[in-house]
Structures are given as structure tokens and as C-alpha cells.
Amino acid sequence: GIETPQMDYAAMTKAIEAELRKASLQVTSSAITKVIQLYETKNSRHSVMIVGETGSGKSTTWRMLQATLARLKKETKDPAYQLVKEFPINPKSLSLGELYGEFDL
């Protein structure tokens, strides 16, 4: 079998915990895992759509990742961590092709 390398997320975990506390949220292993999973997904995909039930932590997860990356960029000066800017859009103002992408053959 193939062995996948284990990434060291100690610094990120510490930053996530600090950002959760700063936002007056509970520091739970599931919250930390969600943020790290989103980070890993964003590093391997061009785009991500977060879906789930109301109150399941979708907005909190991406906002905590945004805050964590800003903290890590400021504290570590590591170029791997970049500031994240948000650009909310109204999906009703776009065609499906503009929203999800399409091929123009």
C-alpha cells in the first residue's frame, strides 16, 4: 500500500484555538478538524462549495479559517499563509454558467 505523509498542523491548531476563543466560541476537536479539512480542501481544489444544515457551522468554519490564516501570516511571516479576502455575491444576479463555470465549445 501507499503511505500518505502526515502533515504537522500544530501551529495551525494553536492558531485555530486562539481564534475560536477570540470569537467566544467553544474550542472542540470537531471545530478544529472542520477548519483543517477546509484548509486541506482549498489547497487541493480550485473552488469549494460548503453545504449543510442551518446551524451546522459552515460560516463559522470558513471565517475561522480566514482569521487563522491572517494570524499565522502575521505571526510566522510564512509565505504559505496568505490573507483571505471575501467577496460576497448574489447568486441570483448570475447565470448558472457564470456561477458554476461552463465550457464555451
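Bear in mind that the values here come from a model prediction, so they are computed numbers and not experimental data. Quick note: numbers below take in every heavy atom, side chains included, and nothing from hydrogens, waters or symmetry partners. Numbering of residues begins at 1 and proceeds along the displayed sequence.
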* OG/Ser29 to CD/Glu17 distance, rounded to the nearest 0.5 angstrom? -> 10.5 Å
* Do Glu40 side-chain atoms and Gln37 backbone N/O form a donor-acceptor pair below 3.5 Å? -> no
* Structure fact -> Distance col, row Lys58:NZ vs Glu53:CD, nearest 0.5 angstrom, shows 7.5 Å
* Asked: CG of Leu96: more than 12 outside heavy atoms within 6.0 angstrom?
  -> no
* Structure fact -> Apart from Ile36 itself, members of its ILVMFWY cluster (side-chain separation under 4.5 Å) are Met7, Tyr9, Met12, Ile16, Leu20, Leu25, Val27, Ile32, Val35, Leu38, Tyr39, Val48, Ile50, Trp62, Met64, Leu65, Leu69, Leu72, Tyr81, Val84
* **Minimum-distance pair of heavy atoms, taken over all atoms of Glu19 and Ala67** => OE1-CB, 3.3 Å
* **Flag side-chain contact, heavy atom, 4.5 Å: Lys22 against Arg71** => yes
* Asked: Do Val51 and Leu99 share a hydrophobic cluster (ILVMFWY, side-chain heavy atoms under 4.5 Å, transitive)?
  -> yes
* Atom CD in Glu75, atom OG1 in Thr68: separation rounded to 0.5 Å? -> 10.0 Å
* To do: Look at atom NZ of Lys14 and say whether more than 12 heavy atoms of other residues, nucleotides or ligands are closer to it than 6.0 Å.
  => no
